[in-house]
Protein chains: 2
Amino acid sequence: MKISDAARRAGLPVKTVRYYADIDLVRPPGRTDNNYRDYDSAALAKLVFVRRARDFGFSIPECRDLLALYEDRDRSSADVRALAASHLAEIEAKQRQLAALRDELAHLVSACQGNDRPDCPIIDRLEAE
Amino acid sequence: MKISDAARRAGLPVKTVRYYADIDLVRPPGRTDNNYRDYDSAALAKLVFVRRARDFGFSIPECRDLLALYEDRDRSSADVRALAASHLAEIEAKQRQLAALRDELAHLVSACQGNDRPDCPIIDRLEAE
DNA sequence: TCTTGACCTTCCTGTTACTGGAAAGTCTAG
DNA sequence: CTAGACTTTCCAGTAACAGGAAGGTCAAGA
């Protein structure tokens with residue numbers, strides 16, 4: 001299977017698939033005679049797997065770990081769970097940070113008159129006291 | 001004022017202050033005889049302003065716009081408000097995205113036994129069907 | 001006077017996860 | 001035989017810095 005077919009089926013840009021091969025994340029099992037990357041169904045499954053993991057916000061190193069667990073028939077689900085739980089904690093931390101940010105910004109926006117006068121609590125808040 | 005003093009007072013790393021000067025975001029008003037960047041209180045105020053705006057998640061281009069408004073005594077608060085509101089909308093979009101992510105991931109984590117057996121709904125969810 | 005240490009300068013590289021583009025080779029259809 | 005749609009490698013750029021090298025400057029202490 002040529003790279004564009006693998007990419008289309010995996011739902012990834014060709015450039016990304018090539019990049020994943022470059023960094024040894026998902027390599028095609030071989031090359032054709034004309035030096036084209038040649039993907040099989042196993043590699044395609046890995047591409048799909050990585051795309052989904054990326055959609056979940058896992059970093060490339062995390063995807064690498066997940067992929068290793070995915071391929072390890074003797075894995076323990078505890079290892080997978082630990083990885084996912086750790087990522088979940090990161091997401092929740094970012095959520096808290098974003099929520100605090102949003103609340104204060106929303107407060108400022110609603111406090112600002114939004115007219116043609118220069119007085120603005122948003123600027124005031126950013127200014128040194 | 002030397003760069004390390006300005007940086008310390010602004011709560012920024014020296015590298016960052018130098019970077020802001022390089023990209024013409026906040027430039028020191030001049031140089032000393034020995035070619036050291038020389039900051040005054042106005043430049044310091046801008047550095048503080050930018051740091052706070054960055055803390056609020058504004059991008060460098062947005063900071064540039066905010067800084068221009070900050071310096072414009074004839075600004076209309078509507079312009080500031082529009083910029084902040086737009087950024088707020090972005091934050092809220094990211095919040096929704098993160099919330100959806102978190103919910104699904106949390107669901108998967110809680111569904112995973114986390115024992116020494118390989119069966120794992122997290123892997124299953126990432127796998128091609 | 002000399003030296004040590006703490007500054008400062010510029011310049012270059014690396015980070016994340018790609019994306020865009022150039023130059024060149026390959027294959028298929030008309 | 002040629003046009004186009006592929007493919008390849010390699011190089012540059014993205015955001016917002018951080019790290020580090022090589023070298024200049026300055027004040028304090030032996």
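Because the structure is predicted, anything quoted here is derived from the model rather than measured. To find a chain, count down the sequence lines: A is the first, B the second, and so on, and within it residues start at 1.
Between A/Leu47 atom CG and C/dC18 atom P the separation is 12 Å, expressed in whole Å. Computed from coordinates, the A/Ile3 CD1 to C/dC27 C1' distance equals 17 Å when rounded to whole Å. A straight line from NZ of B/Lys2 to C1' of D/dG24 spans 13 Å, rounded to a whole angstrom. The CZ atom of A/Arg64 sits 10 Å away from the P atom of C/dA17 (whole-angstrom rounding). Between B/Asp38 atom CG and C/dC7 atom C1' there is a gap of 15 Å when expressed in whole angstrom units. In this entry the distance linking CG of A/Asp5 with C1' of D/dA5 reads 13 Å, nearest Å. Rounded to whole Å, the distance from OH on B/Tyr36 to C1' on D/dA27 is 11 Å.
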| request: Report the C-alpha separation of B/Ile3 and B/Tyr39 in whole Å, then their side-chain angles, then the decisive distance to 0.1 Å, and conclude whether the side chain to side chain contact (heavy atoms under 4.5 Å, CB included) test is met. | output: CA-CA 7 Å; B/Ile3 196 171; B/Tyr39 289 84; 3.9 Å; yes

| request: Report the C-alpha distance between B/Glu71 and B/Lys46 in whole Å, list the side-chain angles of each, state the deciding distance to 0.1 Å, and finish with yes or no for salt bridge (charged side-chain N to carboxylate O under 4.0 Å, His left out). | output: CA-CA 9 Å; B/Glu71 297 206 79; B/Lys46 288 189 218 169; 3.5 Å; yes

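Contact annotation: A/Arg37 does not reach the phosphate of D/dT7 (side-chain N/O to OP1 or OP2, under 4.0 Å).
Residues B/Tyr36 and B/Val26 do not share a hydrophobic cluster, clusters being chains of Ile/Leu/Val/Met/Phe/Trp/Tyr side chains in contact below 4.5 Å.
Side chains of B/Asp38 and B/Thr32: no donor on one and acceptor on the other come within 3.5 Å.
In this structure, of C/dT9, C/dA17, D/dA16, it is C/dA17 that holds the atom nearest to the side chain of A/Pro61. The side chain of A/Arg54 lies closest to C/dC18, out of D/dC17, C/dC18, D/dT7. Here the nucleotide nearest the side chain of A/Ser4, chosen from D/dC6, C/dT9, D/dC17, is D/dC6. Closest to the side chain of B/Ile60, out of C/dC8, D/dC17, C/dT19, is D/dC17.
Remark: A/Asp5 engages A/Arg8 in a salt bridge, criterion side-chain N to carboxylate O under 4.0 Å. Using a 4.0 Å cut-off between a side-chain N of Lys or Arg and a carboxylate O of Asp or Glu, A/Glu127 and B/Arg52 do not qualify as a salt bridge.
With DNA chain D read from its 5' end, the first of the two nearest nucleotides for B/Ser59 and A/Asn35 is the one closest to A/Asn35.
Looking at residues 15-34 of chain B, you'll see B/Lys15, B/Thr16, B/Tyr19, B/Tyr20, B/Asn34 sit with a heavy atom under 4.0 Å from some atom of DNA chain D.
Inter-residue side-chain proximity for B/Arg9 and B/Met1 is flagged as met; some heavy-atom pair is nearer than 4.5 Å.
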